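These notes are about the structure you will find just below.
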4 protein chains.
Amino acid sequence: MPKVSQQYLDGRRSEILDAAIACFSRDGLHRTTMKDIVRESQLSPGAIYNYFKSKEEIIEAIAERRQEKEGELIFEAIQRGPAASALTRVRDAFLDELGNPKERLRRRVSVQLWAEAQRSTGVRKIVRRSFEEPRKLLTEALLDAQKSGAIARWADVDAIACFVIAAFHGLVLQQEWDSDFSPEPHKLLLDLLLKAVAGKHQPAMAE
Amino acid sequence: MPKVSQQYLDGRRSEILDAAIACFSRDGLHRTTMKDIVRESQLSPGAIYNYFKSKEEIIEAIAERRQEKEGELIFEAIQRGPAASALTRVRDAFLDELGNPKERLRRRVSVQLWAEAQRSTGVRKIVRRSFEEPRKLLTEALLDAQKSGAIARWADVDAIACFVIAAFHGLVLQQEWDSDFSPEPHKLLLDLLLKAVAGKHQPAMAE
Amino acid sequence: MPKVSQQYLDGRRSEILDAAIACFSRDGLHRTTMKDIVRESQLSPGAIYNYFKSKEEIIEAIAERRQEKEGELIFEAIQRGPAASALTRVRDAFLDELGNPKERLRRRVSVQLWAEAQRSTGVRKIVRRSFEEPRKLLTEALLDAQKSGAIARWADVDAIACFVIAAFHGLVLQQEWDSDFSPEPHKLLLDLLLKAVAGKHQPAMAE
Amino acid sequence: MPKVSQQYLDGRRSEILDAAIACFSRDGLHRTTMKDIVRESQLSPGAIYNYFKSKEEIIEAIAERRQEKEGELIFEAIQRGPAASALTRVRDAFLDELGNPKERLRRRVSVQLWAEAQRSTGVRKIVRRSFEEPRKLLTEALLDAQKSGAIARWADVDAIACFVIAAFHGLVLQQEWDSDFSPEPHKLLLDLLLKAVAGKHQPAMAE
DNA sequence: AATGAATGAGATTTCATTCAT
DNA sequence: CATGAATGAAATCTCATTCAT
């Protein structure tokens with residue numbers, strides 16, 4: 001008969017997810033056992049099952065968290081300035097993210113989730129959303145930019161949004177494979193692309 | 001069935017790998033049990049273990065196969081014409097691949113392998129190679145193109161190679177998430193990028 | 001059933017070992033399956049693996065137990081009286097043991113362990129110790145007896161210790177092979193041997 | 001369709017048994033797989049199953065061989081001289097055997113067979129015979145010696161036979177456990193025993 | 001709410017044996 | 001008689017989850 005604050009409860013939940021992320025990032029979704037998470041979280045199996053009703057639910061909660069995080073990343077980048085230069089800010093947000101070693105652990109889990117999405121309906125829904133939502137936000141911003149003339153009228157703004165996201169995801173993978181990986185050179189390439197789709201009257205990117 | 005030809009043996013091995021790919025693509029690496037592969041291959045557990053000494057080895061053999069396949073894809077695309085337009089041909093090869101539904105199954109397994117590479121040293125080595133080798137081939141081709149003036153002298157050809165591959169990988173993921181996915185629009189975007197890095201005197205892409 | 005006493009835990013461990021001994025004695029180390037031990041112990045596979053991390057570890061734990069038991073047998077026999085008659089008491093302890101039907105089960109397992117020692121390093125170490133320790137204890141006691149003149153000065157006390165133990169082990173085997181086996185006649189023979197190595201002034205055996 | 005000499009057949013059979021002994025001695029009866037024996041014998045599984053219808057049969061054939069060998073050892077020792085000194089010759093035969101490194105391999109298998117006898121009726125029968133037969137031969141020889149006065153009339157000759165065999169078996173075990181093992185000191189002890197049961201008029205052992 | 005021992009279905013792998021060639 | 005690929009029952013061990021305390 002507990003009677004504990006909601007804050008306490010949320011804290012516990014979060015601790016479990018952090019522990020799970022540490023494990024998943026280290027050993028993968030499937031090689032991580034509940035026992036591993038128990039050890040990492042310093043809790044007991046029973047305690048964890050009070051907060052999540054299955055391992056699957058933990059995975060989904062982590063996916064959800066990622067999804068929210070990425071959504072915010074894009075959203076904030078877009079909101080932070082004029083629509084005309086939104087793409088540039090998104091580009092920076094992405095590349096900064098790649099350069100942020102603290103997020104590396106979570107990106108490793110993202111790769112796991114991409115794989116898991118192929119067989120878990122629950123995870124697939126969330127992973128899809130974490131692609132579709134940024135895509136929509138970005139597309140809308142680009143549409144604004146296009147209306148304002150910052151992006152060429154012939155450009156397929158949805159394709160641009162998808163392509164930029166695709167490049168980001170591909171670079172996330174490469175960072176895992178190449179120990180010398182640096183996001184810098186790709187900034188320039190993305191710039192070239194942005195310039196290539198820039199409208200006549202206003203630059204796609206404002207410096 | 002004693003003393004069978006090497007050809008027969010190779011055939012069996014290949015059958016097992018095909019069965020495994022079917023299973024892995026459907027259920028993921030870890031939800032697929034050896035029993036599933038047994039059923040799919042119409043063989044017995046013992047028979048499979050005559051060809052591979054563990055499930056891990058099957059996974060690695062599949063990764064190896066993918067790696068060779070992707071290496072050839074790039075290699076052939078590069079060889080098929082002048083260095084100056086190699087990048088265009090590689091772009092086409094990638095996008096054609098995305099459009100090829102028969103390869104879809106295998107690409108699904110690739111996503112699984114990216115995740116698996118995070119915890120299996122064996123798989124990681126192979127997955128890395130299947131990035132590094134195309135990267136090297138492409139970089140060398142681009143270097144030739146650069147020497148011939150088809151690519152601007154200021155361009156970082158290795159970064160271009162990596163970026164194009166990253167975009168390809170990212171699009172492989174999106175194809176899984178978006179049922180309306182079409183590679184077409186991305187062809188144009190890649191063209192824009194190629195033009196942006198083209199040299200003064202010779203076009204980076206030949207039409 | 002959380003937070004149980006150490007006593008409870010030790011009890012469970014012991015129960016599992018008892019069940020295993022029953023199985024091993026009946027079917028041998030290798031014909032006994034974990035399933036057999038599960039059935040005999042009325043536990044579940046998982047429960048057993050909470051106490052022992054492999055079948056090998058169960059075997060080793062049993063070997064260890066035997067070793068301790070045999071060490072005590074000798075130790076107590078030696079301690080129970082004057083050094084001069086220690087050998088006689090050890091002889092009695094051995095032959096009483098052979099006559100004790102309750103220990104028969106465990107002796108059967110000992111034979112299994114002798115065989116297992118040939119290929120398992122872990123078991124070999126323990127089996128060796130369960131020979132070397134009684135040997136040392138007995139040799140030391142005999143040395144005392146020799147100093148006191150109860151055993152002839154020319155006698156090789158270590159050889160006597162080894163020989164008596166060898167005879168004991170050989171008789172353990174014969175008890176398995178001969179349904180009419182009786183330890184009695186061997187008591188006399190051992191007596192003859194003891195008398196033969198007795199010193200001039202004091203008898204090796206006190207009656 | 002074959003038509004091969006019986007000699008050839010026997011040779012093959014023997015080769016298989018030699019290979020099996022090598023394996024059994026190295027890895028134990030149960031850790032040795034038929035594949036191991038196949039490899040060691042340079043034959044094929046099918047070939048081996050032409051000569052023996054199961055692994056069990058190979059084990060029994062080896063046990064049989066041992067049994068014959070040990071029977072001969074005793075038999076020859078007894079036949080080689082007068083009954084009065086038979087025991088001495090058997091003692092020598094045993095201790096020489098222990099000193100013979102070429103037989104070590106087979107003695108290791110004997111230990112395995114002792115364990116196996118506990119659960120295999122077939123092996124048990126043979127192992128029993130390989131104890132009972134020497135026992136009978138030796139007892140009969142001792143009875144002769146007793147009649148001739150070489151052994152005391154009060155002596156239990158069957159017990160003496162059993163005891164000597166027990167000591168031998170026990171020493172076989174110790175040789176496995178003690179790398180410094182030497183049979184020599186035990187010769188003296190056995191002599192003491194023999195003297196102790198010697199009759200008045202004729203020595204139990206002739207020098 | 002927390003604990004952690006227990007559960008038991010199910011995963012991977014082994015291996016004695018067979019039989020088509 | 002020989003071959004060796006195939007068989008498939010069975011062995012060991014794992015691990016998500018439960019529930020009595």
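Computed over heavy atoms, backbone and side chain alike; hydrogens, waters and symmetry mates excluded. Nothing here was measured: the structure is a model prediction, and the numbers come from that model. Every chain is numbered from 1, with letters handed out A, B, ... down the list of sequences.
- For B/Arg31 and E/dA11, the shortest distance from a side-chain N or O to OP1 or OP2 is not below 4.0 Å.
- For A/Asn50, no side-chain nitrogen or oxygen approaches OP1 or OP2 of E/dA1 to under 4.0 Å.
- For F/dA16, one of the phosphate oxygens OP1 or OP2 lies less than 4.0 angstrom from a side-chain nitrogen or oxygen of A/Lys55.
- No contact: B/Phe52 has no heavy atom under 4.0 Å from any strand.
- Of the side-chain N and O atoms in D/Tyr8, one or more sit less than 4.0 angstrom from OP1 or OP2 of F/dA2.
- Neither OP1 nor OP2 of F/dT14 sits under 4.0 Å from any side-chain N or O of C/Tyr49.
- A donor-acceptor pair under 3.5 Å is absent between the side-chain atoms of A/Gln67 and the main chain of A/Ile126, judged by distance alone.
- Distance alone, capped at 3.5 Å, is enough to place a donor-acceptor pair between the A/Ser41 side chain and the A/Val38 backbone.
- Nucleotides of DNA chain F nearest to C/Lys35 and C/Gly46 differ in position, and the one nearer the 5' end is that of C/Lys35.
- Nucleic acid contact class of B/Ile58 (heavy atoms, under 4.0 Å, all strands): none.
- Checked by atom type and distance alone, the side chain of C/Lys55 pairs as donor or acceptor with a backbone atom of C/Leu29 at under 3.5 Å.
- The pairing partner recorded for F/dA20 is E/dT3, the criterion being a Watson-Crick or G-U wobble arrangement whose two distances lie under 3.5 angstrom.
- Remark: P of F/dA11 and CG of C/Leu29 are 15 Å apart, rounded to the nearest angstrom.
- Of all the heavy atoms in D/Glu57 and D/Phe52, the pair that sits closest is OE1-CA, 3.5 Å.
- Between A/Ser54 and D/Arg12, the residue anchored nearer the 5' end of DNA chain F, judged by the nucleotide with its closest heavy atom, is D/Arg12.
- Residue contacts shown for C/Met34 are limited to sugar-phosphate atoms, with no base heavy atom under 4.0 Å away.
- With rounding to whole Å, C/Ile48 atom CD1 is found 15 Å from E/dA9 atom P.
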